[in-house]
Amino acid sequence: MVDLARTQVPAARFELAGVRAVEDRPAHWHAVTAFFPLLQMPRADLDANLARIADWLVPGGMFVFVTVPFDAEDEEIQWMGQRVRCTSHPAEAFGPLLRKAGLQVVHERISTFHPDFPGMGPEEHLFLYAVKPGGPAVPAHALTGPTPCPRTTVVRTS
């Protein structure tokens, strides 16, 4: 995806990095995406990394975050035939965490993922888009939704 983005927007800078490896540079990034990277760290680290990401954004910068919401810490689960240990928060906890980090949540949606894998049941995915205040108004854009999302079970807008 990063390679594709680089070909589509050659003047922009795109990086692929683990959240723990990214150097702290306040107000450096115009956008940060995080698709499921915080599920395998303790809650204290998850919360601290959400705050770090918020700090990296320039005013008006956007954070797009996707996770699996559930209320557990370091729980062993079976996922796609693999045993993994996961941590998350319930869906309703993430908006307040992002607001506490100084972001404005502009889109929040839960959809249900139906994996095509033997023995896997449906799984909720939480999509949050947040903006760091102080920049230009967030324009209407596909990223700020609503976007088509098949099999949507719950929609919340903040």
Side-chain angles (χ1 to χ4, degrees), residues 1-6 13-26 28-58 61-132 142-158:
M1 295 305 295
V2 170
D3 290 340
L4 178 62
R6 286 178 180 142
R13 178 177 169 203
F14 295 91
E15 295 210 12
L16 174 64
V19 68
R20 291 177 172 147
V22 175
E23 181 182 337
D24 284 327
R25 292 191 222 159
H28 183 76
W29 297 100
H30 292 274
V32 174
T33 61
F35 290 79
F36 309 103
L38 307 180
L39 287 166
Q40 294 183 299
M41 58 181 64
R43 268 195 184 157
D45 291 353
L46 185 160
D47 297 354
N49 278 295
L50 289 174
R52 285 180 62 223
I53 291 167
D55 192 48
W56 298 341
L57 293 170
V58 299
M62 181 170 274
F63 178 42
V64 178
F65 177 56
V66 183
T67 193
V68 178
F70 60 94
D71 190 9
E73 183 160 6
D74 196 34
E75 182 176 305
E76 186 173 285
I77 64 166
Q78 182 81 16
W79 190 79
M80 306 290 275
Q82 304 295 315
R83 301 217 52 78
V84 293
R85 301 200 76 78
C86 294
T87 296
S88 191
H89 288 288
E92 60 274 5
F94 283 101
L97 282 169
L98 293 179
R99 284 188 282 281
K100 180 179 175 187
L103 300 178
Q104 174 190 359
V105 176
V106 295
H107 179 83
E108 182 174 353
R109 182 182 204 129
I110 295 177
S111 67
T112 302
F113 170 61
H114 297 271
D116 185 16
F117 192 87
M120 287 290 300
E123 174 181 277
E124 285 190 342
H125 288 180
L126 174 64
F127 295 79
L128 286 158
Y129 307 159
V131 174
K132 188 166 196 170
L143 207 55
T144 56
T147 56
C149 197
R151 299 186 184 130
T152 299
T153 53
V154 178
V155 176
R156 286 191 289 263
T157 305
S158 312

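These numbers were taken from a predicted model, which means no experiment stands behind them.
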Could you tell me if the side chain of [Y] sits less than 4.5 Å from the side chain of [X], heavy atoms only?
X	Y	result
L128	V105	yes
F35	T67	no
P122	H114	yes

Between M62 and W29, is a side chain to side chain contact (heavy atoms under 4.5 Å, CB included) present by the stated rule, with each step listed?
CA-CA 9 Å; M62 181 170 274; W29 297 100; over 6 Å; no
Sorted by chain and number, sequence neighbours left out, side-chain contact (heavy atoms from CB on, under 4.5 Å) with V68 holds for F36, L39, F70, E123, H125
Under the side-chain contact (heavy atoms from CB on, under 4.5 Å) test, residues paired with T87 that sit two or more places apart
R43, E73, D74
Are D3 and R6 close enough for a salt bridge, meaning some N to O gap below 4.0 Å?
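A salt bridge links D3 with R6.
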Between R20 and D45, does any NZ, NE, NH1 or NH2 come within less than 4.0 Å of an OD or OE carboxylate oxygen?
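Counted as a salt bridge, because a side-chain N and a carboxylate O are separated by less than 4.0 Å.
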Grab the two heavy atoms, one from [X] and one from [Y], that are nearest each other, plus how far apart they are.
X	Y	answer
R52	V19	NH1-O, 3.0 Å
P69	S88	CA-OG, 3.7 Å
F127	S111	CE1-OG, 3.3 Å
A101	A51	CB-CA, 3.9 Å

Pair H89-D71, side chain to side chain contact (heavy atoms under 4.5 Å, CB included): steps then yes or no:
CA-CA 5 Å; H89 288 288; D71 190 9; 5.8 Å; no
Heavy-atom count check: over 12 atoms from other residues, nucleotides or ligands less than 6.0 Å from E76 CD?
yes
Separation of [Y] [atom2] from [X] [atom1] (nearest 0.5 Å):
X	Y	atom1	atom2	answer
M120	M80	CE	CE	6.0 Å
I110	E124	CD1	CD	5.0 Å
L98	K100	CG	NZ	12.0 Å
Q40	L46	CD	CG	11.5 Å
N49	L38	CG	CG	6.0 Å
I53	L57	CD1	CG	8.5 Å

Listed partners of F65 passing ring pair (Phe, Tyr, Trp, His ring centres under 6.0 Å), at least two apart
F63, F94
Using the side chain to side chain contact (heavy atoms under 4.5 Å, CB included) rule, take I77 and V84 through it: C-alpha gap first, then chi angles, then the decisive distance, then the call.
CA-CA 6 Å; I77 64 166; V84 293; 3.5 Å; yes
